Amino acid sequence: MTRSSLVTITETQNLSKAEELLRLHRIRHLPVVRGGKLVGLVTHRDLLKAAAQCGGADPAQQPLWASDVMVRDVKTVSPNKSSREALKMILDNKFGCLPVVLEDGTLVGILTEADMVRYAQHLIEDIDRRSLAAEYEA
């Protein structure tokens, strides 16, 4: 999961800021926080939907705020949830991300599809190394 470089937005920031952060950090999911606690999620798809509802106008130029488009009922996981369980939640629900929060709602990280692909790459490389070592020993 992403922890240290976690990019967030507040409910009162406008969509131009959301669009800027998504583009600048090359991400697709922005947790919305209030006092460090997760209150919602704004995604690239939410911005596209806002643009469509504005008749194709750039939603970043409209007087819309993160609170206007954010998903409020965000499914989350705790930091002690196993990777297997988190992955199952992502796949079963077709989520693009899963925020990681403490019991009190404090956001501590976000698990994304990209994180899972990086983890799969690591596992595949490990399997490949073991296969090469086994061939070498044989």
Side-chain angles (χ1 to χ4, degrees):
M1 82 172 156
T2 302
R3 292 178 203 214
S4 60
S5 58
L6 192 58
V7 180
T8 64
I9 194 167
T10 65
E11 300 163 277
T12 58
Q13 289 181 291
N14 65 32
L15 293 188
S16 63
K17 183 64 174 180
E19 191 277 329
E20 176 187 340
L21 289 170
L22 290 171
R23 187 176 27 80
L24 180 66
H25 295 280
R26 300 177 64 200
I27 57 177
R28 293 179 292 147
H29 311 93
L30 266 178
V32 181
V33 296
R34 182 188 317 133
K37 297 184 191 251
L38 183 71
V39 294
L41 186 70
V42 172
T43 67
H44 181 256
R45 184 174 288 164
D46 295 327
L47 292 179
L48 294 175
K49 191 184 300 182
Q53 292 172 347
C54 293
D58 182 0
Q61 302 304 317
Q62 301 299 315
L64 292 175
W65 310 105
S67 61
D68 293 328
V69 300
M70 72 182 190
V71 174
R72 294 174 190 278
D73 183 27
V74 181
K75 301 299 181 210
T76 64
V77 292
S78 68
N80 59 358
K81 179 78 89 175
S82 75
S83 295
R84 182 181 305 202
E85 291 173 296
L87 178 58
K88 182 168 177 24
M89 278 183 73
I90 287 174
L91 292 173
D92 288 352
N93 296 287
K94 298 182 180 181
F95 292 152
C97 73
L98 204 50
V100 181
V101 298
L102 299 177
E103 203 171 296
D104 68 354
T106 300
L107 180 69
V108 295
I110 189 168
L111 183 61
T112 66
E113 293 168 315
D115 294 325
M116 298 313 257
V117 170
R118 276 190 291 277
Y119 185 61
Q121 177 187 14
H122 170 75
L123 292 176
I124 291 167
E125 289 171 353
D126 189 48
I127 290 168
D128 287 349
R129 275 192 295 278
R130 291 177 192 213
S131 294
L132 285 174
E135 286 177 23
Y136 182 72
E137 291 175 4

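It should be emphasised that the depicted structure is a prediction, and the values quoted were computed from it without experimental measurement.
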Problem - Crowding at CD, E125 (>12 non-hydrogen neighbours, <6.0 Å) - result: yes
Exercise for the section: Would you confirm whether N93, through its side chain, and M89, through its main-chain N or O, come within 3.5 Å as a donor-acceptor pair? Expected result: yes
Exercise for the section: For the pair D126 (side chain) and L123 (backbone), establish whether a donor and an acceptor sit closer than 3.5 Å, ignoring hydrogens and angles. Expected result: no
Handout entry: NE2 on H29 to OG1 on T8, rounded to 0.5 Å
Key = 15.0 Å
Handout entry: Separation of S78 OG from E85 CD (nearest 0.5 Å)
Key = 8.5 Å
Exercise for the section: Kindly indicate whether the side chain of F95, heavy atoms from C-beta on, has any atom under 4.5 Å from the side chain of K75. Expected result: yes
Handout entry: Pairwise side-chain contact, R34 with T10, heavy-atom cut-off 4.5 Å (strictly under)
Key = no
Handout entry: Between CG on residue L47 and CG on residue L64, distance to nearest 0.5 Å
Key = 9.5 Å
Handout entry: Candidate pair L30 and T43, rule side-chain contact (heavy atoms from CB on, under 4.5 Å), full reasoning
Key = CA-CA 6 Å; L30 266 178; T43 67; over 6 Å; no
Problem - L41 backbone acceptor or donor facing R72 side chain under 3.5 Å - result: no
Practice task
Before giving the answer on side-chain contact (heavy atoms from CB on, under 4.5 Å), spell out for V42 and V69 the whole-Å C-alpha distance, their side-chain angles and the decisive distance to 0.1 Å.
Solution key: CA-CA 7 Å; V42 172; V69 300; 4.2 Å; yes
Handout entry: Side chains of E19 and S16, donor plus acceptor under 3.5 Å
Key = no
Problem - Test item: L6 and I110 side chains (from C-beta on) under 4.5 Å apart, heavy atoms - result: yes
Fill in the blank from the handout: Between V74 and the options V101, L38, V39, L98, the side-chain contact (heavy atoms from CB on, under 4.5 Å) test singles out L38
Practice task
Decide yes or no for V7 and I27: does some side-chain heavy atom of the first lie under 4.5 Å from some side-chain heavy atom of the second?
Solution key: yes
Handout entry: Side-chain heavy-atom pair E113, R28 within 4.5 angstrom cut-off
Key = yes
Practice task
Rounded to the nearest 0.5 Å, what's the gap from CD on E20 to CD1 on I9? Could you check?
Solution key: 9.5 Å
Handout entry: Side chains of V100 and L107 in contact at under 4.5 Å (non-hydrogen atoms)
Key = no
Exercise for the section: Please round to the nearest 0.5 Å and tell me the distance separating atom CH2 of W65 and atom CG of L15. Expected result: 9.0 Å
Exercise for the section: Side-chain contact test, heavy atoms from C-beta onward, threshold under 4.5 Å: evaluate it for E11 versus Q13 and give yes or no. Expected result: no
Practice task
Start with the C-alpha gap between D46 and V71, add the side-chain angles, then the distance that decides, and say whether side-chain contact (heavy atoms from CB on, under 4.5 Å) holds.
Solution key: CA-CA 8 Å; D46 295 327; V71 174; 4.2 Å; yes
Practice task
Using distance alone, with no hydrogens and no angle criterion, decide if S131 and D128 have a side-chain donor and acceptor under 3.5 Å apart.
Solution key: no
Problem - Student check: side-chain heavy atoms of V77 and L111 closer than 4.5 Å - result: no
